[in-house]
Structures are given as C-alpha cells and as structure tokens.
Amino acid sequence: MSVSEAAAEAAHVIVFDTTMRDGEQSPGASMSIEEKLELAKMLEEMRVDVIEAGFPIASNGDFEAVQRIAGIVSESTVCGLARAAAIDIDRCAEAIRPAKRGRIHTFLSTSPQHRDHILRASPEEIDLVTGSVTHARNLCDDVEWSAQDATRTERDVLRRCVEAAIRAGATTINIPDTVGYTYPSEYAEIFRDLIENVPGAERVVFSTHCHNDLGLAVANSLAGVQAGARQVEVAINGIGERAGNAALEEIVMALKVRGDALPYATRLKTEHITRASRYVSAVTGFPVQFNKAIVGKNAFAHESGIHQDGMLKNASTYEIMRPEDVGQGGSNLVMGKHSGRHAFREKLKALGYDLGQNALNEAFGRFKDLADKKKHVFDDDIVALVDDALSRGADRIQVKSLRVVAGTEGPQEAALTLVIDGAEAAATCTGDGPVDAVFNAIRAMVPHAAELRLFQVHAVTEGTDAQAQVSVRLEEDGRIATGAAADTDTLTASATAYVNALNNLFARKEKTAPEPVMARGF
Ligand SMILES: [Zn+2]
C-alpha cells in the first residue's frame with residue numbers, strides 16, 4: 001500500500017521524519033553519511049512512513065546521503081527536498097532514483113515576507129508552482145509541495161497556490177509554520193479552509209510542519225491533524241532550525257495515549273523511540289533536556305524517585321504510559337562484572353540494539369573493561385558504550401595512552417600516545433588546564449586548522465564513578481564534525497572524543513571538496 005493509499009483510511013496519520021533535513025539544519029547538528037545511514041535504518045525499523053533524507057542540491061554530501069539511504073531503505077518512502085527550479089528537482093530525482101518508494105518534495109515561498117519581487121499571487125508565482133510540480137511529477141509519482149511560510153501567507157494567495165499544485169499533480173500538500181508563529185486554532189482553521197475551498201483538496205494528503213519558536217509545535221501539529229491533516233512532519237528530539245520542529249516522540253505518544261479523544265493512528269513501533277532519541281543526541285552532540293517529554297532522563301523518573309512506593313502499589317497512580325512503551329527498558333537491571341555474554345546480549349536487545357557478532361564481541365569487551373572500573377553498570381552506561389562505538393567513523397587515529405598532571409600547581413600537563421595510521425606517536429604538552437593540555441598534545445601530533453566549536457561533558461549516571469560522556473565538535477572550512485566518547489576517566493573521554501571528531505572530519509574531507517554554504521529549506 002502506498003503512503004497516500006494508507007492515508008485514505010480515515011484515521012491513519014503519516015509520520016514524515018525530517019531529522020536528517022530540517023533537523024540537520026540546526027547549527028552544529030551535522031551528521032556524517034554513515035551516521036545518517038544508521039539513523040535511516042532505525043527510522044525504517046521504527047516504521048516511519050517517510051524519511052526526508054536531505055536536500056540533494058545543497059551539497060554533494062547531502063546528495064550522497066539521500067542516494068545511499070534510497071539504496072538501503074525499502075519499507076519507508078525516501079524523500080529529498082528541492083526548490084522550485086528544474087536543476088534542483090532533477091538533482092533530487094537522481095538522488096532518490098534507487099528508492100523503492102521515492103518522493104520529491106518541492107517548495108516555494110508564498111508569504112509577503114518571503115516573496116522577493118513577486119507580486120501577490122501573480123501569474124509568475126502560479127506558473128512557478130505549476131511548472132515545478134509538473135516537472136517533479138514527470139520524474140516521480142509521489143510529489144509533495146510546500147508553501148514556505150504558509151501561516152503568514154494571505155489566504156487567497158495560499159488557496160490559489162495550493163490549487164495550482166494540486167492541478168499540476170502534487171499528491172501531498174504541506175502547510176509549514178516556517179517561523180513558529182501560529183497557534184492551534186488558527187492553524188486548524190487554515191486546514192479547514194483549504195480542505196473545504198480548494199478544488200481537488202480531497203485527492204491529496206495535507207501535512208503539518210511546525211516550528212517550536214513559541215513552544216507550540218506539537219500542539220499546532222495536533223490541531224492540524226484534528227482539522228484534517230493526515231501527515232505530520234517531525235524530528236527526533238524535536239531538533240531543527242532555531243527552537244526546532246515538532247518532536248516525533250511527543251506527537252506519536254500523544255496520539256497513542258489519548259486515542260480516546262484523538263482517534264488517529266500511526267504505524268510507529270513506539271518502543272524504538274528511546275533508542276532513536278539517544279542515537280540522535282549522541283551523533284549530533286545535542287543533549288536531551290532532563291525534563292523533556294517522553295525521552296528526557298526524568299520523563300519516567302518516579303521509577304526510582306520518591307513516588308516509587310506508590311508506583312509499586314499501582315502504576316496508574318502516576319503513569320499515563322509505561323516506560324516500556326517508548327523503549328525505556330522497564331527494569332533498570334544493574335549489570336556487573338559477573339554478568340555473562342548472554343545476559344549482555346539480552347540487555348542490548350531490551351535496549352533496542354541488534355548488533356552483529358563482531359560488534360557484539362567488541363561491545364562485550366568494552367563492557368567488561370567498564371565493569372572492572374565501575375561496580376554497577378546501568379542501562380545508560382551500556383547505551384553510552386554502544387553508541388560510542390557506533391558513532392565512530394574510520395579510525396585513522398586512536399588514543400593509546402594518556403597521563404595527565406592536574407591540580408592547583410600548574411602548569412597542567414598531558415603525556416599522550418596516539419596511533420596514527422598504524423604508527424605510534426607521543427607528545428607531552430602543557431595547557432591552560434588539563435583538557436587544554438590534552439588537546440594541545442593532539443594538535444602537536446596531528447596538525448590541523450579545525451576550530452573547537454563545542455566541548456561538552458555530562459555524567460551518564462549518578463555517582464563519582466559515573467562514566468563521563470564527552471562531545472567535541474570541530475569546524476574547518478564550513479565542514480563540521482562531531483565526536484563523542486564515554487569513559488570513567490573524563491580526560492580519557494575528552495581525548496577520545498576529540499580524536500573521534502578529527503577522524504570524522506578527515507573522513508569527510510576525503511570524500512567531498514569544500515562547498516559553498518547555500519540557502520537551505522524551511
Ligand atoms: Zn522547517
């Protein structure tokens with residue numbers, strides 16, 4: 001069944017994930033192609049209907065990501081974004097060609113704030129809509145058209161543009177709240193108006209795309225659904241331009257938990273949500289706030305907090321959904337150094353990981369190392385350990401050993417040994433603090449021009465023996481690479497995270513020439 005056929009069943013809502021397109025547009029959230037491929041697999045397993053994998057004309061990296069995702073994903077529709085120009089649309093069509101189900105998503109700015117030199121619903125503007133959608137339909141049966149900044153567009157202009165897109169063969173019409181300006185009843189009214197008044201509206205799927213500038217993205221999206229939209233554009237953890245997009249996990253769980261009042265269903269396997277959330281956080285280096293709905297560390301914290309007593313007596317006292325529903329493992333079974341390989345594999349399965357034999361052996365070895373250093377190994381430790389391994393690119397450089405002098409008597413000093421392309425190198429450097437000394441030692445052995453854009457440390461669990469999870473983001477010539485690492489030693493984690501970021505940066509440099517940064521989507 002195609003996506004639009006599925007939507008024709010009254011209550012089905014299509015989940016369109018734009019973590020890799022709009023989400024990646026948030027400054028610093030860039031993901032490598034390997035990370036995108038991994039995420040695409042997770043989204044498909046989670047049964048996301050449409051994966052917007054990138055903006056193929058924007059860069060060779062985006063093109064390659066869309067093309068390779070199109071090659072490996074078969075259940076979900078793979079979508080690429082294109083402006084209303086033939087060159088964009090052609091490039092997009094080429095990128096999605098390997099897909100079993102492909103979609104071209106093309107857009108035009110319709111609001112007075114975004115229309116440059118174009119008169120209100122001028123014939124030129126309508127021609128652009130008709131021309132771009134017709135061109136896209138000649139290349140692909142599944143075409144989505146978006147009215148950029150739709151919520152600030154004069155209603156008559158919006159109606160005429162939507163009508164032109166439908167006439168030209170668009171199958172999905174997206175009404176983005178590009179600047180996060182609308183509120184629920186206003187947004188709902190726009191959908192009702194278009195569905196009632198635009199000829200051919202009954203033939204297409206209407207879609208929401210809401211930004212969270214006023215914290216209303218999820219509420220607006222749900223209002224859109226209640227008014228007849230049957231697709232929601234969302235991102236994992238709500239990442240995206242500025243304050244982000246409507247969060248996938250929040251919309252999907254709102255529909256699931258309040259099915260009594262909101263009779264709309266998605267196909268999503270919600271127990272995969274936590275896993276995807278953690279992965280996106282790890283590869284982008286964007287932490288999830290503790291009190292974030294559904295996926296925050298404290299979202300189900302009564303499990304171990306002061307409500308525990310009441311919880312044990314009757315879960316419904318405090319719970320409107322179960323942690324297991326979103327893949328939070330249920331029991332936080334503590335593992336230790338006596339836990340065997342079988343228990344470890346079962347634990348990984350419960351956490352949503354399906355590793356191959358080599359990856360499993362490698363992860364088990366790292367788990368044993370960790371269990372030697374740390375008495376109790378919690379779920380979060382295991383997640384950090386496995387994600388750390390998964391987010392590693394080609395390891396040209398590895399940390400062999402590190403000894404650091406820290407404390408009140410400066411200068412702080414780091415003696416670091418790296419393995420670079422198979423050969424060992426060592427350097428001892430001082431710095432303004434131990435982290436600076438470690439990074440100076442890396443720079444001494446691996447000279448590079450990249451600038452440090454982010455250095456972030458957080459504790460994976462509680463306790464002084466907790467693992468530190470470190471994220472490092474580097475930028476060089478507009479290329480951004482993130483590296484993450486977890487270790488009970490904060491400085492070892494810092495060195496490894498920096499080296500991982502460098503590995504990712506070098507891997508990217510080999511593949512792509514520097515590219516000019518171009519205007520991106522909505
Ligand atoms: Zn957007």
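Both ligands and their constituent atoms are indexed starting at 1 by order of listing.
A cation-pi arrangement is present between R91 and F63 under the rule of less than 6.0 angstrom and at most 45 degrees off the ring axis.
Ring-plane geometry between Y498 and H448 is classed as tilted, the angle between the planes lying from 30 to 60 degrees on a 0 to 90 degree scale.
Its N, O or S atom nearest to the Zn ion (ligand 1) is what matters here, and for D22 that atom is OD2. For H211, the N, O or S atom closest to the Zn ion (ligand 1) goes by the atom name NE2. Of all N, O or S atoms in H209, the one lying closest to the Zn ion (ligand 1) is NE2.
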From CA spacing to verdict: side-chain hydrogen bond (donor to acceptor under 3.5 Å, both in side chains), T172, E144: CA-CA 4 Å; T172 300; E144 173 168 336; 4.7 Å; no
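Under the 3.5 Å distance criterion, with hydrogens and angles disregarded, a donor-acceptor pair is assigned to the side chains of N174 and S207.
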